[in-house]
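To find a chain, count down the sequence lines: A is the first, B the second, and so on, and within it residues start at 1.
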Amino acid sequence: MENSFDPHRIEQTLYDEWENASYFAPSGNGPAYCIVIPPPNVTGSLHMGHAFQHTLMDALIRYHRMKGDRTLWQMGTDHAGISTQMLVERQLNAEGRTRAEVGRDAFVERVWQWKEASGSNISRQLRRMGSSLDWSRERFTMDDGYAEAVLEVFVRLFEDGLIYRGQRLVNWDPQLKTAISDLEVESSEEQGKLWHFRYPLLGGATTKDGKDYLVVATTRPETMLGDSAVAVHPDDERYRSLVGKRVRLPLVGREIPIIADDYVDPEFGTGCVKITPAHDFNDNEVGARHDLALINVMAEDATINGNAPAAYQGLDRFEARRRVVADLEAQGLVELIEDHKLMVPRGDRSGAVIEPLLTDQWFVKIQPLADPAIAAVENGDVEFVPKQYENLYFSWMRNIQDWCISRQQWWGHRIPAYYDEAGQVYVGRSETEVRQQHGLGSGIVLRQDSDVLETWFSSALWSFATLGWPDETADLEVYHPTDVLVTGHDIIFFWVARMIMMTLKFTGEVPFRKVYIHGLVRDAEGQKMSKTKGNGLDPLDLIDGVSADELVAKRTSNLTQPQMAPRIEKQTRKEFPDGIPSYGTDALRFTFCALATSGRDVRFDLNRIEGYRNFCNKLWNAARFVLMNCRTEDGAAVDPDGAAEYSLADRWIRSRLHHLLADSHRALDTYRFDLYANAVYDFAWHEYCDWYLELTKPLLWSESTTPAALRGTRRTLLTVLEALLRAAHPIMPFITEAIWREVAPLLGNDRPTIMLEGYPESGDFDADAEADAAVDWLKGVVLGIRNIRGEADIRPRQTVDVLFQGGSERDRQLATATEDLFKRLATVDAIDWLEPGAAAPANALALVGDLKVMVPLAGLIDLDAERTRLEKEIGRKHQEVGRLQGKLGNAGFVDKAPAEVVDRERQKLADAEAALHTLREQVAALGNA
RNA sequence: GGGUGUUUAGCUCAGUUGGGAGAGCGACGGCCUUACAAGCCGUAGGUCGCAGGUUCGACCCCUGCAACACCCACCA
């Protein structure tokens, strides 16, 4: 083995071996365990969120596979309708062509080509993460079988009356020229204006203060071209008498009524609202209540259409706004223009301002689907981890609106609806089926609906469609419901909720029993990683390393706002002046696990991954040490047979391993990846390496060690390391496999891979309270000496002598039993015992219980330095005594606290008082020296 | 406007049913001690956001407040 760990030497070849040997496929007859991957965009690339998520999933998958479960991690990708279409369209535009020129069929063909060409990108990246996905079952949301499932679902929902088509006001993206769902609209506060316009009253009516016009306020002047009414609050005294009267709509000339509606807030603005039912969701409802006309004045590209006066037709909506304001101003009808902050809705893909627009769309009637889905979470069939996300789920589900599923796009599942020339609509699995069912002869021309389904409609079927539905497959029987869905809180509504609804409807089962919600990955400053901000990290750059120049180039290329480039470059060079070193996959995975505290967003900090890269190296070197001592030059185990005798240290480390395994199981079973990672780290570094390996050295290197004792220690070194590797494998698969293949044969295990070994159980190793106590004692004594040495600046190689005094019989026994260990760990030469009461030479003192551990000053230790050290200790003890006295002096405590707690505190006080007394004596003795 | 989460060492975060707080990184001092300088040894850092309350006892439970973050919502 090399003397430092090099991830690149092992990762790729090990993964290829695993995959070629089909280790990722389910095997055995254990209970089924299944996770479906949240399908990444087929043409996308791996980002930090994926890497995080897949690390957690793979840890669970590998854990369960090792536990013997019949484990399936279902792979698949998503066709990602809008974003993929946008991408290909941009490619076309770069070639100077447009989607319209190319035509639908050719365009879709081109998207398929792009999918084939780039789809392997994400797969390759997932492999680099070590993800043990079953590639042999890979699915795609538009493969033939999946398309059949989508079709089936649509038709059945239609037949059940849960899908309908209607003309409604929808969120319209004028740039993409498609409807989008409520969820795809992101509103943010922007600075705008509030325009106050005068609408002249008709029939000689006047307001209370004698004006012959009403003043309405609006943030969207251009929509006034489609106004159908002016509304006031029914109780508003100012306007009550005007209700039922009419105003003349300026610029248009239309007479429109003044109506009364509760919707109006009399406190806001003038208390008069223009009502535009075709261009505002609220106005639309008001319009419906008052039977107002819907006057649509906008085309699909948000230009003004033929329903508006000729002067505005063809103008873009923002240009129309300027013209409307200018024209009203010219007529003296603008009362006031004030600055106003408002929430502006934008499409999450295009960033374009969303226009409420009247169009024909397909909708899912959602309430009948939502009710059982709410119940499934209420009754615990589906549980969220952490639990509080259930509230988020409930609050959305209980106010859910019908779901607009049609998109005016080309890439996606085409809606299986057909129209005859009269516009009559028929829904069926195919045109042939439609003709048969409705007796439509070949003479009747049918035209298929040109819209496609929104992507989330098809991903909602993910858990069961990937397992073969609508066929009744064995996979569905075995793996469905799946065990856990691992995902971010940002897609609970988009995906999780819809999956629960659809899966219950079509399989009668929940899609998964648990939903583990992880946080979002942010940068070291807590900012969301984004292309625009140029603060994103590529997981592969963390694995392989990247130069500063390359990183800058990546972050500044293809920016939507190229003017940001200099700032991004400056920031990047400041944060990563030397680029990013290569850390390897295991270190990256370990970092993600360690950061995965319950549901919180995580800040990704290079210091963390560096620490875990170091941990990998530590493990690697611990293995080298073990192999050096347990393997002969020709690769065989040293002295493998014969009786073994186990030392205190051997028993102790096995006991610690017992506790590690208990903790690991508990952590993994409760999705506490951070606790799992910490437990592994702490055991490997601070118990196995820091103490156990050091404790074996005197024994391994001593001439006088018996063969049986040597065997015991070698066997323990190997056994514990081997179990540790298995315990850590789910989190760091590559390094554990590489080391395991060296170690396992020495224990007589010639099986090929750690992946399929059992996950170690705490019951495999005995807890040993006696060994734990003994090593704790030893650590106390050693740390006492080290503290003296450190504070007195005694060189590490300079040996010291030690005197023991006082203490119990047990202290004497332990001191004898651990003498060699103690001498080595604390660099001690001679040990002597002083009789109780005997005078000690001037010394530096450490207390372990009531045992005095003394290092004679003997010119090594400065008297003043020792006095300072003792005073510090006395200060601490004094404080402790005071605290305990206060507590025990409180009658309430002594009376009401449990007796065992009181006893414990009394014991602590006695110990502290005794220690304080001894320390004070010691200071006095130093004074006399 | 409604809701959720967060606030613990210089930084990033743990803290399991209430019994006077831990880790990693960083800082400081000392070491190339034959697994590992990506390492070893030692040290110093905290009124647990603020104010009340419950309790013998509160980082933990309750109330209020503040700051930050996020989600939802129709105020033109």
### Query
What nucleic acid atoms does A/Asp895 come within less than 4.0 Å of, heavy atoms only: base, sugar-phosphate, or nothing?
nothing
### Query
Can you tell me how far P in B/U7 sits from the matching atom in B/C13, rounded to whole Å?
9 Å
### Task
Could you please name the partner base of B/A69, counting Watson-Crick and G-U wobble pairs only when both distances are under 3.5 Å?
B/U4
### Test: A/Glu905 and A/Lys887 ion pair at under 4.0 Å
yes
### Query
With a non-hydrogen cut-off below 4.0 angstrom, is A/Arg613 in contact with a base, only sugar-phosphate, or nothing?
base
### Query
Just to confirm, is there a sub-4.0 Å distance from OP1 or OP2 of B/C25 to any side-chain nitrogen or oxygen of A/Arg608?
no
### Message
Would A/Arg398 and A/Phe394 count as a cation-pi pair here, with the cationic atom under 6.0 angstrom from the ring centre and within 45° of the axis?
### Response
yes
### Query
Using atom P of each nucleotide, how far apart are B/G49 and B/A9 to the nearest Å?
8 Å
### Message
By the 4.0 Å heavy-atom rule, please label A/His686 as base, sugar-phosphate, or nothing.
### Response
sugar-phosphate
#### Entry: Comparing A/Thr218 and A/Lys896 on RNA chain B - which has the more 5′ nearest nucleotide
A/Lys896
### Message
Can you tell me if A/Lys697 touches the phosphate of B/U33, counting only side-chain N or O atoms and a distance under 4.0 Å to OP1 or OP2?
### Response
no
### Query
Distance check: side-chain N/O of A/Arg786 vs OP1/OP2 of B/G42, anything under 4.0 Å?
yes
### Message
Using the P atom as the point on both nucleotides, what is the distance between B/G15 and B/C74, in whole Å?
### Response
37 Å
#### Entry: Note: A/Glu742-A/Arg631 ion pair, threshold 4.0 Å (strictly below)
yes
### Message
Tell me whether the side-chain N/O atoms of A/Arg876 come closer than 4.0 Å to OP1 or OP2 in B/A44.
### Response
yes
### Query
Do the ring planes of A/Tyr681 and A/Tyr612 sit parallel (below 30°), tilted (30 to 60°) or perpendicular (above 60°)?
perpendicular
### Message
Over all strands shown, is A/Glu694 touching base, sugar-phosphate only, or nothing at heavy-atom distances under 4.0 angstrom?
### Response
base
### Query
Would you say a side-chain N or O of A/Arg672 is under 4.0 Å from OP1 or OP2 of B/G15?
yes
### Query
A/Asn890 near the nucleic acid: base, sugar-phosphate alone, or nothing, with a heavy-atom cut-off under 4.0 Å?
sugar-phosphate
### Of the listed nucleotides B/A76, B/C31, B/A35, the one nearest the side chain of A/Arg795
B/C31
### Query
Is it true that A/Arg220 and A/Glu222 make a salt bridge, defined as a side-chain N closer than 4.0 Å to a carboxylate O?
yes
### Query
Taking 4.0 angstrom as the limit, do A/Asp820 and A/Lys823 come out as a salt bridge?
no
### Message
Please report the distance separating the P of B/C70 from the corresponding atom of B/G53, rounded so that it comes out in whole Å.
### Response
35 Å
### Query
Within less than 4.0 Å of OP1 or OP2 of B/A14, is there a side-chain N or O belonging to A/Arg600?
yes
### Task
Scan A/Phe494, A/Tyr389, A/Phe493 and name whichever one has a ring pair (Phe, Tyr, Trp, His ring centres under 6.0 Å) with A/Trp396.
A/Phe493
### Query
Has A/Asn614 got a side-chain N or O lying under 4.0 Å from the OP1 or OP2 atom of B/G39?
yes
### Query
Does A/Arg220 put a side-chain nitrogen or oxygen below 4.0 Å from OP1 or OP2 of B/A76?
no
### Query
When you compare B/C61 with B/C48, how far apart are their C1' atoms, in angstrom units rounded to a whole number?
16 Å
### Message
Among B/A38, B/C70, B/A76, which nucleotide has an atom closest to any side-chain atom of A/Ser4?
### Response
B/A38
### Message
Taking any heavy-atom pair under 4.0 Å as a contact, classify A/Leu693: base, sugar-phosphate, or nothing.
### Response
base
### Query
With a non-hydrogen cut-off below 4.0 angstrom, is A/Asn787 in contact with a base, only sugar-phosphate, or nothing?
sugar-phosphate
### Query
Quantified in whole Å, what is the P atom distance between nucleotide B/A21 and nucleotide B/A44?
15 Å
### Short side-chain N/O contact from A/His340 to OP1 or OP2 of B/C75, under 4.0 Å
no
### Task
Please determine, for the side chain of A/Asn607, which listed nucleotide (B/C25, B/G20, B/C74) has the closest atom?
B/C25
### Task
In whole angstrom, give me the gap between the C1' atoms of B/U8 and B/C59.
7 Å
### Chi class for B/G26: syn within 90° of 0, otherwise anti
anti
### Message
Base, sugar-phosphate or nothing for A/Phe268? Non-hydrogen atoms, less than 4.0 Å.
### Response
base
### Message
Heavy atoms from C-beta onward define the side chain here; which of B/C56, B/U43, B/A35 lies closest to that of A/Ala897?
### Response
B/C56
### Query
Which nucleotide, in any strand shown, forms a Watson-Crick or G-U wobble pair with B/A58, with both distances under 3.5 Å?
none
### Task
Indicate, with a heavy-atom threshold strictly under 4.0 Å, whether A/Arg904 touches base, sugar-phosphate, or nothing.
sugar-phosphate
### Summary
pair_partner(B/U63), Watson-Crick or wobble, both distances < 3.5 Å, evaluates to B/A51
### Task
Select base, sugar-phosphate, or nothing to describe what A/Arg666 touches, counting heavy atoms under 4.0 Å on all strands.
nothing
#### Entry: Between B/C32 and B/A38 - P atom distance, rounded Å
16 Å
### Between C1' of B/A76 and NE2 of A/His279, the distance in whole Å
16 Å
### Task
Check whether any side-chain N or O of A/Trp685 sits under 4.0 Å from OP1 or OP2 of B/C40, and answer yes or no.
yes
### Query
Looking at the side chain of A/Pro796, which of B/C31, B/A76, B/A69 is the nearest nucleotide?
B/C31
### Query
To the side chain of A/Asn621, which of B/C36, B/C13, B/C75 is closest?
B/C36
### Message
Which label fits A/Tyr516 and A/Tyr671: parallel for a plane angle under 30°, tilted from 30 to 60°, or perpendicular past 60°?
### Response
parallel
### Task
Consider the side chain of A/Leu392, meaning its heavy atoms from C-beta on, and name the nucleotide among B/C71, B/A35, B/G20 that approaches it most closely.
B/C71
### Task
Find the partner of B/C40: check Watson-Crick (N1-N3 plus N6-O4 or O6-N4) and G-U wobble (N1-O2, O6-N3) distances, both under 3.5 Å, and reply none if neither fits.
B/G30
### Task
Indicate yes or no: does A/Asp605 engage A/Arg603 in a salt bridge with an N to O separation below 4.0 Å.
no
### Message
Taking any heavy-atom pair under 4.0 Å as a contact, classify A/Leu675: base, sugar-phosphate, or nothing.
### Response
sugar-phosphate
### Query
If you look at every strand shown and take non-hydrogen atoms under 4.0 Å, does A/Gly519 touch a base, only sugar-phosphate, or nothing?
nothing
### Task
Just call it for A/His196: base, sugar-phosphate, or nothing, with non-hydrogen atoms closer than 4.0 Å on any strand.
nothing
#### Entry: Pairwise 5' ranking along RNA chain B for A/Val894 and A/Tyr612, keeping only the more 5' one
A/Tyr612
### Query
Please give, in whole Å, the distance from B/G22 P to A/Asp674 CG?
19 Å
### Summary
A/Asp690 has its side chain closest, among B/A14, B/G42, B/C40, to B/C40
### Side chain of A/Val273 (C-beta onward), nearest among B/G42, B/A35, B/A76
B/A76
### Message
Just N and O in the side chain of A/Thr597: are any of them under 4.0 Å from OP1 or OP2 of B/A14?
### Response
yes
### Query
When we call it a touch if two heavy atoms are under 4.0 Å apart, what does A/Cys616 touch: a base, just sugar-phosphate, or nothing?
nothing
### Message
Between A/Glu190 and A/Lys341, does any NZ, NE, NH1 or NH2 come within less than 4.0 Å of an OD or OE carboxylate oxygen?
### Response
no
## Note on the structure
Quick note, A/Phe493 side chain, CB onward, closest among B/C72, B/A35, B/A76 is B/C72
